[in-house]
Amino acid sequence: DVAIVKHPLSVRKIAELEDSPTLPSWAHPPLVKVGRDCNIGVHGLYWGLHRMPHNLFSDKKHSQLAERLANHLGF
């Protein structure tokens with residue numbers, strides 16, 4: 001079974017998710033295995049997906065490789 005773990009967030013907590021370089025302690029991790037089941041933490045998933053482009057473009061080498069790939073694909 002897969003369970004979705006979520007709850008409403010305040011504007012302050014949303015801003016913390018978007019600004020924090022590490023997953024806030026109050027946020028559930030994106031994926032947790034519980035026995036044979038899995039819990040998907042919506043807040044952790046959002047944080048991870050939001051951080052990916054920040055991490056990609058903060059590294060000059062990765063940024064250049066991503067730019068080359070985008071150009072090759074016609075973007």
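All values below were derived from every heavy atom in this structure, side-chain atoms included, with hydrogens, water molecules and symmetry-related copies excluded.
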Do [X] and [Y] belong together in a cluster built from hydrophobic side chains that touch within less than 4.5 Å?
| X | Y | answer |
| --- | --- | --- |
| M52 | L45 | yes |
| I4 | L49 | yes |
| L69 | F75 | yes |

Might you point out which heavy atoms bring [X] and [Y] nearest each other, and give the distance in Å?
| X | Y | result |
| --- | --- | --- |
| W26 | L17 | CH2-CG, 3.7 Å |
| L23 | G44 | CD1-CA, 3.7 Å |
| E18 | R51 | O-NH1, 3.9 Å |
| H28 | G41 | CB-CA, 4.1 Å |
| W47 | P21 | CZ2-O, 3.3 Å |

Quick check on [X]: does its [atom1] atom have over 12 non-hydrogen neighbours (other residues, nucleotides or ligands) under 6.0 Å away?
| X | atom1 | answer |
| --- | --- | --- |
| D37 | CG | yes |
| H54 | NE2 | yes |
| K33 | NZ | yes |

So, taking the atom named [atom1] in [X] and the one named [atom2] in [Y], what distance separates them when rounded to the nearest 0.5 Å?
| X | Y | atom1 | atom2 | result |
| --- | --- | --- | --- | --- |
| L31 | I40 | CG | CD1 | 6.5 Å |
| I14 | H50 | CD1 | NE2 | 11.5 Å |
| L56 | K61 | CG | NZ | 13.0 Å |

Do K13 and H43 have side-chain heavy atoms sitting under 4.5 Å apart?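 Contact flag for K13/H43 side chains = no.
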
